[in-house]
Amino acid sequence: QVQLVESGGGSVQAGGSLRLSCAASGRPVSSLVIAWFRQAPGKEREFIARIGRPAGWTYYADSVKGRFTISRDNAKNTVYLQMNSLKPEDTAVYYCGAGETAATVSDDYLNWGQGTQVTVSS
């Protein structure tokens, strides 16, 4: 069983940056597909980015491409989401999910963290 714990959320002004962390236990992150999703109030959970296995290929949603970067530290068994040039529309609860396939659909991810709130003010 994989356990995931997100951290690093907070409040920031538009144009600012945050780095989210997704610490995993139970399996090496290099053996998993790890993705970040976000969910704003009243909206569906939205795919943001994923990092594949074992080579770590990355893929991004168009809405964050060029602003967000997903990366992995195998020694710390942690996946990061560096978020730059934040916009008010990035405000949401951010979740990391672990799965076996390179998917953009939340149902394909079997394990989830508890989420971390990101609030971007204008």
Side-chain angles (χ1 to χ4, degrees):
Q1 184 75 357
V2 177
Q3 289 83 41
L4 303 172
V5 178
E6 302 99 333
S7 61
S11 297
V12 65
Q13 289 194 323
S17 299
L18 284 173
R19 188 177 79 157
L20 305 184
S21 299
C22 173
S25 59
R27 277 179 63 180
V29 290
S30 58
S31 72
L32 296 162
V33 178
I34 302 289
W36 285 97
F37 286 72
R38 66 187 179 189
Q39 190 165 18
K43 294 191 175 182
E44 298 281 325
R45 192 166 291 194
E46 174 192 14
F47 169 81
I48 296 301
R50 69 170 185 253
I51 186 162
R53 60 176 181 175
W57 295 107
T58 58
Y59 179 78
Y60 298 91
D62 287 344
S63 58
V64 305
K65 199 174 296 181
R67 299 189 298 125
F68 291 11
T69 303
I70 189 170
S71 62
R72 186 174 73 195
D73 186 331
N74 292 339
K76 295 183 177 180
N77 216 36
T78 299
V79 171
Y80 301 99
L81 185 69
Q82 178 66 43
M83 307 187 295
N84 298 328
S85 303
L86 282 161
K87 305 174 182 180
E89 52 263 44
D90 294 318
T91 295
V93 178
Y94 283 68
Y95 299 90
C96 61
E100 305 289 348
T101 60
T104 59
V105 178
S106 60
D107 286 349
D108 287 332
Y109 291 87
L110 306 178
N111 303 100
W112 293 92
Q114 80 289 350
T116 186
Q117 176 71 45
V118 171
T119 302
V120 184
S121 58
S122 57

Return a table of donor-acceptor pairs under 3.5 angstrom between the side chains of residues 18-27 and protein atoms on other chains or two or more places apart.
| from | atom 1 | to | atom 2 | distance (Å) |
| --- | --- | --- | --- | --- |
| S25 | OG | Q3 | OE1 | 3.3 |
| R27 | NE | S31 | OG | 3.3 |
| R27 | NH1 | E100 | OE2 | 2.6 |
| R27 | NH2 | S31 | O | 2.9 |
| R27 | NH2 | S31 | OG | 3.4 |

Nearest-0.5 Å distance that lies between atom [atom1] in [X] and atom [atom2] in [Y]:
X	Y	atom1	atom2	answer
I51	I34	CD1	CD1	9.0 Å
L4	N77	CG	CG	9.5 Å
I48	T104	CD1	OG1	11.5 Å
S122	Q13	OG	CD	9.0 Å
C96	I70	SG	CD1	9.0 Å
R38	Y94	CZ	OH	4.0 Å

Are there more than 12 heavy atoms of other residues, nucleotides or ligands under 6.0 Å from atom OH of Y60? yes
Taking all non-hydrogen atoms of both residues into account, name the closest pair between [X] and [Y] and its distance.
X	Y	result
P88	S121	CG-C, 4.5 Å
L32	A98	CD1-CB, 4.2 Å
S63	E46	OG-OE2, 3.5 Å
R53	R72	CA-NH1, 4.3 Å
A103	D108	CB-OD2, 3.3 Å
V33	R50	CG1-CD, 4.1 Å

I'd like to know whether the aromatic ring centres of F37 and Y109 sit less than 6.0 Å apart in this structure. yes
Check for me whether the distance between the ring centres of F47 and W36 falls short of 6.0 Å. no
Measuring only between side-chain heavy atoms, which start at C-beta, is [X] closer than 4.5 Å to [Y]?
X	Y	answer
E89	V120	no
R45	W112	yes
T119	V12	no
D90	M83	no

Please step through side chain to side chain contact (heavy atoms under 4.5 Å, CB included) for the pair V79 and L81, ending with a clear verdict. CA-CA 7 Å; V79 171; L81 185 69; over 6 Å; no
With a 3.5 Å cut-off and no angle check, do the side chains of N84 and S17 form a donor-acceptor pair? yes
Please test Q39 against Y95 for side chain to side chain contact (heavy atoms under 4.5 Å, CB included), starting from the C-alpha separation and ending with a verdict. CA-CA 8 Å; Q39 190 165 18; Y95 299 90; 4.2 Å; yes
Any link between V2 and V29 through a network of hydrophobic side chains (Ile, Leu, Val, Met, Phe, Trp, Tyr) touching at under 4.5 Å? yes
Between K65 and D62, is the closest basic N to carboxylate O distance under 4.0 Å? yes
Do D73 side-chain atoms and K76 backbone N/O form a donor-acceptor pair below 3.5 Å? yes
